[in-house]
2 protein chains.
Amino acid sequence: MTQRNASENQVKIMDVAAEEFMRAGFDATSIDDIARNIGQTKGFIYYHFRSKVEIFLAVYERGMEMVRDDVAPWAGGTGTGLERLRRMAKAHLVHLMENLAYHDVIHQGIEQRLRLRMTESQRATLIGLNALRDEYEALFRGVIREGMADGSVRELPAAVAARTLLGGLNAVDIWYRNDSGQATKPVDDLASVVADVLVGGFQDKG
Amino acid sequence: MTQRNASENQVKIMDVAAEEFMRAGFDATSIDDIARNIGQTKGFIYYHFRSKVEIFLAVYERGMEMVRDDVAPWAGGTGTGLERLRRMAKAHLVHLMENLAYHDVIHQGIEQRLRLRMTESQRATLIGLNALRDEYEALFRGVIREGMADGSVRELPAAVAARTLLGGLNAVDIWYRNDSGQATKPVDDLASVVADVLVGGFQDKG
DNA sequence: GTCTATACTTAGATAGAC
DNA sequence: GTCTATCTAAGTATAGAC
């Protein structure tokens, strides 16, 4: 399913499924759990999706497309590579904090463990999603390289650096939800602090 | 089980279980899978552990104790707070790369999803492990604060900064294993690059 | 389109043989 | 101490009613 085609009911199922996958993990979430949380039954779910894995993949795709659409514009625009990198990092963090469940599913998807239990066609879908993910990572690699070219970013291996940055950004989904004390801190302030720590290491101090 | 008391067979089970948990995740790993990989049967496992959750918790504990024992010495010693923080980050990374499976289980444990399906006594064990984890995090917070005091680390909220750093360090376990091209790069070099990116953002540039 | 009833599979855990 | 046989529960998926 491309997200453009998703019906209203499918989106409802994805939203609830994302929350449940975050709460208990993919395996421990039953189709009945998802149905119950919508106030429907199994049959409703199976009418809209072929299997639990399909729901997971749809959530993963939807999440990736949403964050990419939010962050991609910041790769362009004015300023040095470093400045744009910081804007991208912050936009990613704000999106993550406001769509925790989707990001948690992306995180689970990246871990690739489900891959082992997929059918051939589901695996093909996952490969497509991995491409989407690579494309997103490439957005960061590109801006890092532009920063090295304009002298704002110090010399470093762009691929490793991009993964380190994205890993640090995504890891926020682990503790952000677990710490209600932190959650009261305004999203924007918290995103700034984390973005500064993570992007600061890219700066050329020469 | 405290790790001091672990028998040879228990360690063998933990080592194999950690690999399987990494490969397929906790839920999708059966006791039979673990037994088969040791060349034994279910009965062998259940003689040494009461349940699958107990194995998971034991692996989590063992992993946390191992990394703490490796990293803690670097919190002390000579140099500024920033220099010591970098040594800790690098030691953490090297340990992670050389004990991927244990770190992957720690990562799963931190996500707290299993908590929902635990007995009271297992939950109590998990709370103890969370304390161990907090203690480890405090090691980083402490050195960050020392760095702010000696002027090597810029002013920032230590708690958020420590979590951001540790999140970035731990996220390496996601891609390190998935990229055989990177894995050929010497562990030490890769650890240096990642540590520099992550700790660089702490530096006081004033 | 949605619900109910059910078939089927998998795997955690235990009892008892050896 | 380890193995084999078995009980049991849970949950995916489907068929067919409405």
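Being a predicted model, the structure only gives us computed values, none of them experimental.
- Taking 4.0 Å as the cut-off between side-chain N and carboxylate O, B:Glu65 and B:Arg62 do not count as a salt-bridged pair.
- Between B:His103 and B:Tyr176, the gap from one ring centroid to the other reaches at least 6.0 Å.
- Distance A:Lys52 NZ to D:dT14 P: 15 Å, rounded to the nearest Å.
- Between the CG atom of B:Asp32 and the P atom of C:dT9 there is a distance of 17 Å, given to the nearest Å.
- For A:Asp134, the salt bridge (Lys or Arg N to Asp or Glu O under 4.0 Å) criterion is met by no residue, not counting sequence neighbours.
- Residue-level contact check: A:Ser7 touches neither bases nor backbone, having no heavy atom under 4.0 Å from any strand.
- Rounded to a whole Å, the CD1 atom of B:Ile55 is 12 Å from the C1' atom of C:dA13.
- Taking atom CG of residue A:Asp33 and atom P of nucleotide D:dG11, one finds them 7 Å apart after rounding to whole Å.
- Annotation: side chain of A:Leu166 is not in contact with side chain of B:Trp175 (no heavy-atom distance under 4.5 Å).
- Note: CD (B:Glu54) to C1' (C:dT14) measures 16 Å, nearest angstrom.
- When rounded to the nearest whole Å, the span between CZ of A:Arg117 and P of D:dA13 equals 11 Å.
- A:Gln122 and A:Ser51 share a donor-acceptor pair across their side chains, judged by distance under 3.5 Å alone.
- Spacing between atom OH of A:Tyr46 and atom P of C:dT4 amounts to 16 Å, rounded to whole angstrom units.
- Between A:Phe26 and A:Phe21, the ring planes are tilted. Angles from 30° to 60° get that label.
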Find every protein N or O atom lying less than 3.5 Å from an N or O atom of nucleotides 1-3 of chain D, and list the pairs.
{"from": "D:dG1", "atom 1": "OP1", "to": "B:Tyr47", "atom 2": "OH", "distance (Å)": "3.4"}
{"from": "D:dT2", "atom 1": "OP2", "to": "B:His48", "atom 2": "NE2", "distance (Å)": "2.9"}
{"from": "D:dC3", "atom 1": "OP1", "to": "B:Gln40", "atom 2": "OE1", "distance (Å)": "3.0"}
{"from": "D:dC3", "atom 1": "OP2", "to": "B:Thr41", "atom 2": "N", "distance (Å)": "3.2"}
{"from": "D:dC3", "atom 1": "OP2", "to": "B:Thr41", "atom 2": "OG1", "distance (Å)": "2.8"}
{"from": "D:dC3", "atom 1": "O5'", "to": "B:Thr41", "atom 2": "OG1", "distance (Å)": "3.3"}

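- A:His107 has its ring centre no less than 6.0 Å from the ring centre of A:Tyr102.
- Counting heavy atoms from C-beta on, the side chains of B:Arg23 and A:Gln112 never come closer than 4.5 Å.
- Each end of the helix from C:dG1-D:dC18 to C:dC18-D:dG1 yields a helix axis from five base pairs, and these two axes differ in direction by 0° (to the nearest 10 degrees).
- The side chain of A:Ser51 lies closest to D:dA13, out of D:dA13, C:dG12, D:dG11.
- Using modelled atom types, one finds no donor on one side chain facing an acceptor on the other under 3.5 Å when comparing A:Asn5 with A:Gln10.
- Rounded to an integer number of Å, the gap from CZ of B:Arg36 to C1' of D:dT4 is 15 Å.
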